[in-house]
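Along the sequence shown, residues are numbered consecutively beginning with 1.
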Amino acid sequence: MRRYIFKKGRRYTFLSIVLIGIVVVILLALVYYNSLKGIVERHYGDFKVLTIREAFENAFKNVSIQPSGFAIVTITAIDEMGNIYTARVTKEGLMSIAIGNQISQNPEELYKAIYAKAFYNLVLTQPIADFESSDPKNVLKYLNDVSYDYFQEDGREYVVLVGKDEPGNTIQIVYNISKVNGKIRIIAEKVFVNGKLLSDAGKRIFLAKVYKKSIEYDLIEVVKNSFLKDYPGVSIGEVFSKLNNARWTIKNESKKMVEFNGMDVIEGKETVITIGFKIDENGETIVSYALLNGQDVDKESIPYLLSYLYNRYSNIDRNKELDKYKQIIFSTKIPNSTKTFGELFTEYATNDKWNIEYAIDSVKLSVTAQTMKNDKFYMEFIFRKDGVYLGKATLNGEETEFDVLTNVIFGNNADKVQKVKSGKIVKYSSFTNNEEAFRSYLKNPTWSYDKEKDRVILTGVGKYGTKNWNFTFVFDLYFGREPILESMYMDGIAVIDEVSDYIVSKIFKVDTLGNNLVELVKNSIFISKTYEEILGPKGWKLDRNNDRVLYTSDNLQITFAVEPAGQVKVVQLFYNGEDWTTRSYDVLKTLENGGSLISLEQSQQKPVEPEQPQEQTTTPQYGQF
């Protein structure tokens, strides 16, 4: 056997080459392996926050990522129920997912569910913004029956948690999850309670309660940075921090109450002002109480104190404030008049100029203007806790009574309305005046003056018979002094004198005025004879409770209604205790012809159709007047 002997140097060279080759192969394998793993470091589809690897690793436990075959990476994972997920991702970004041995026919939807689970787990494992020191899982201690959903909006990605709090309210917390400088950032953007969106202030307080964070500092900051409903353009802190010695303290953390104390010079005296702010269940900041030098301010006076402070220490829109109070004035009726102040200033005055002044317990609006005859006048309106008061009034520079001023502005027309209201068209009535009497009968009585007809008009709703009517009463002043009722209308129908007298008798509670209504019915013609001729002169009376005329005999009872224009109608008829209303025409025609009702008793139940007289054109139950 031939024996070869290598030189020592050559042997080492060969071994080095082999070792280098092995290292190169390993390095190439590692590079290839890492390049394959890079396949799952990409995003899948529209899901841009988490990579494929991050989605699986945050959604599942026991995640394994291995290359398998050429340009393919396999991910295996197990969920909490023990289900095995297998995902294969190609270099081109294609993905297939199987649960157990079942390959999903819709991998995009399944991946979305995995991605949503990853978002949900992130909310429970990573602290959310502004609550970094709090345990993220506290949300599960606050909510029961929690479910979640993933959605995208305006290119941003969200997960919403839905559950019930201890009182049973439905809570929805919407979290936005994004990446900032490669790190996950979670922000609770919105909170809904029973479907109602909380304000930013309410949301912060709510989240502090959920995540068990002390809210002392936050509560004060929330109140200072929030806005009162009546002053949306200026924050609370911007106004109250300008007072001397301004101090903010927590009054009651559980009730979300903050107390402010400060100093101000009011009416030349240093005054300690205390305001209690509270965040209500809707997340709105409200004023719960106020004190001046330790003395309670009436709840109704607090708005005036606030308007005084906001006017003094902020740039509130005074014109907007002025318009708010003007609208109240304009909708208010002028004393002893049917017109509003809005009508006065829009129809009877020109060149009105308004000003507003604030006090701690009131607001004063003043106005200068001119009448249509160029008289200059001035009015003051004082708003206090218990209402609006008329202040000073002047006419051409001289102080005057308010009624005198309005009479001048209206051209004395208001005086005519007042004369009718204060007069009495039924002298011996127990009512003091017309206004009192008509107010007792009408709903929403409204007095006005008709300039064209020179008449005072009263309108309102009143009951007559079985229905409500829209009444119109037209008054004239006899020799300019004594009021008289000139005419009456019901639903626009001119009312005859007998009905008018009867209604006036009801209004003024003087029964004798309405008796002519009985005579009207008695003298109305059925077909050829009057009802009195048919039924006789006795047995007639008024039913004032129902506004009806009644006729009663031994075996017959008839109820008549009288319409506003005078039509007489039989509305009910009883014969021997039986309701014969549907046969009233037969009854009356038989009696008019001198016949007996016994024959009708013996006839069939269905009444015979009456023969219509040739001259008769109206419905037979109605009398002709």
Side-chain angles (χ1 to χ4, degrees), residues 43 45-51 54-55 58-59 112-167 169-227 229 232 235-237 256 279-285:
H43 303 117
D46 293 329
F47 306 97
K48 303 298 185 184
V49 174
L50 302 179
T51 64
E54 290 171 331
N58 282 286
K112 180 181 178 181
I114 295 170
Y115 197 85
K117 184 64 179 292
F119 263 41
Y120 172 70
N121 287 336
L122 282 171
V123 168
L124 300 181
T125 55
Q126 293 204 28
I128 69 173
D130 296 330
F131 296 90
E132 286 82 358
S133 61
S134 302
D135 183 356
K137 287 188 174 64
N138 281 336
V139 69
L140 297 182
K141 298 176 183 178
Y142 188 85
L143 297 178
N144 300 311
D145 304 324
V146 175
S147 60
Y148 63 91
D149 191 20
Y150 165 88
F151 67 94
Q152 296 183 7
E153 188 176 89
D154 297 330
R156 306 177 74 198
E157 299 182 37
Y158 298 87
V159 64
V160 54
L161 268 59
V162 182
K164 298 276 188 180
D165 64 8
E166 188 173 343
N169 298 304
T170 300
I171 308 297
Q172 296 170 280
I173 307 176
V174 180
Y175 300 89
N176 168 242
I177 300 182
S178 61
K179 271 187 180 176
V180 179
N181 297 325
K183 293 183 178 181
I184 294 293
R185 179 174 174 81
I186 305 173
I187 300 175
E189 283 199 355
K190 297 177 181 179
V191 175
F192 297 84
V193 178
N194 293 327
K196 184 174 183 179
L197 177 64
L198 295 186
S199 66
D200 287 341
K203 181 188 72 174
R204 289 182 65 183
I205 300 302
F206 176 87
L207 292 174
K209 186 164 53 175
V210 170
Y211 288 99
K212 312 295 184 186
K213 179 181 177 182
S214 172
I215 61 173
E216 180 169 340
Y217 172 77
D218 273 357
L219 183 55
I220 290 176
E221 288 303 303
V222 165
V223 169
K224 290 171 69 174
N225 291 322
S226 60
F227 303 83
K229 187 176 181 180
S235 70
I236 291 171
K256 296 176 281 189
I279 298 177
D280 66 12
E281 61 274 8
N282 297 319
E284 299 292 336
T285 302

request  = List the atom of Asn176, the atom of Arg156, and the distance in Å for their closest heavy-atom pair.
outcome  = OD1-NH2, 3.0 Å
query = Among Leu143, Asn194, Val139, Asn144, which one satisfies side chain to side chain contact (heavy atoms under 4.5 Å, CB included) with Ile171?
reply = Leu143
query = Any idea which heavy atoms bring Gln172 and Val160 closest together, and the distance?
reply = CB-CG2, 4.2 Å
request  = Verify side chain to side chain contact (heavy atoms under 4.5 Å, CB included) between Val174 and Phe192, making sure each step is shown before the conclusion.
outcome  = CA-CA 8 Å; Val174 180; Phe192 297 84; 4.2 Å; yes
message = Nearest 0.5 Å, please: how far is NZ in Lys256 from CG in Asp280?
response = 8.0 Å
query = Could you state the interatomic distance from CD1 (Ile187) to CD1 (Ile177), rounded to the nearest 0.5 Å?
reply = 10.5 Å
query = Does the side chain of Val210 come within less than 4.5 Å of Asp165's, by heavy atoms?
reply = no
query = Roughly how far, to the nearest 0.5 Å, is CZ of Arg204 from CG of Asn225?
reply = 7.0 Å
inquiry  = Check for me whether the distance between the ring centres of Phe206 and Tyr142 falls short of 6.0 Å.
reply    = yes
With sequence neighbours excluded, residues passing side-chain contact (heavy atoms from CB on, under 4.5 Å) with Pro232 = none
inquiry  = Are the side chains of Ile173 and Lys190 in contact, using a 4.5 Å heavy-atom criterion?
reply    = no
key: Reported OG1-to-NZ distance for the pair Thr285 and Lys224, which is rounded to 0.5 angstrom   = 13.5 Å
inquiry  = Quick one, Lys229 and Glu284 - any side-chain contact, counting heavy atoms below 4.5 Å?
reply    = no
request  = Apply the test side chain to side chain contact (heavy atoms under 4.5 Å, CB included) to residues Leu140 and Leu124: give CA-CA distance (whole Å), side-chain angles for both, the deciding distance (0.1 Å), then the verdict.
outcome  = CA-CA 8 Å; Leu140 297 182; Leu124 300 181; 3.8 Å; yes
inquiry  = Quick check: closest heavy atoms across Leu122 and Ile186, and the distance to 0.1 Å?
reply    = O-CD1, 3.5 Å
task = With sequence neighbours excluded, tell me which residues meet side-chain contact (heavy atoms from CB on, under 4.5 Å) with Asn121.
result = Lys117
key: Identified ring-ring contact (aromatic ring centres under 6.0 Å, His included) partner of Tyr158 from the options Tyr148, Phe151, Tyr115   = Phe151
Test side chain to side chain contact (heavy atoms under 4.5 Å, CB included) applied to Phe119 and Tyr175, Tyr150, Phe47, the passing residue = Tyr150
query = Of all heavy-atom pairs between Ala188 and Lys203, which one has the smallest distance, and what is that distance?
reply = O-NZ, 3.3 Å
query = What are the two closest non-hydrogen atoms of Pro136 and Pro127, and how far apart are they?
reply = CG-N, 3.5 Å
inquiry  = Does any part of the side chain of Leu161, heavy atoms only, come nearer than 4.5 Å to the side chain of Tyr120, both counted from C-beta?
reply    = yes
request  = Could you give me the CA-CA distance, side-chain angles and deciding distance for Ile184 and Lys179, then say whether side chain to side chain contact (heavy atoms under 4.5 Å, CB included) is met?
outcome  = CA-CA 5 Å; Ile184 294 293; Lys179 271 187 180 176; 3.8 Å; yes
remark   = Shortest non-hydrogen pair, Ile114 vs Ala59, comes out as O-CB, 3.4 Å
message = Just checking Lys196: does its NZ atom have more than 12 heavy atoms from other residues, nucleotides or ligands closer to it than 6.0 angstrom?
response = no
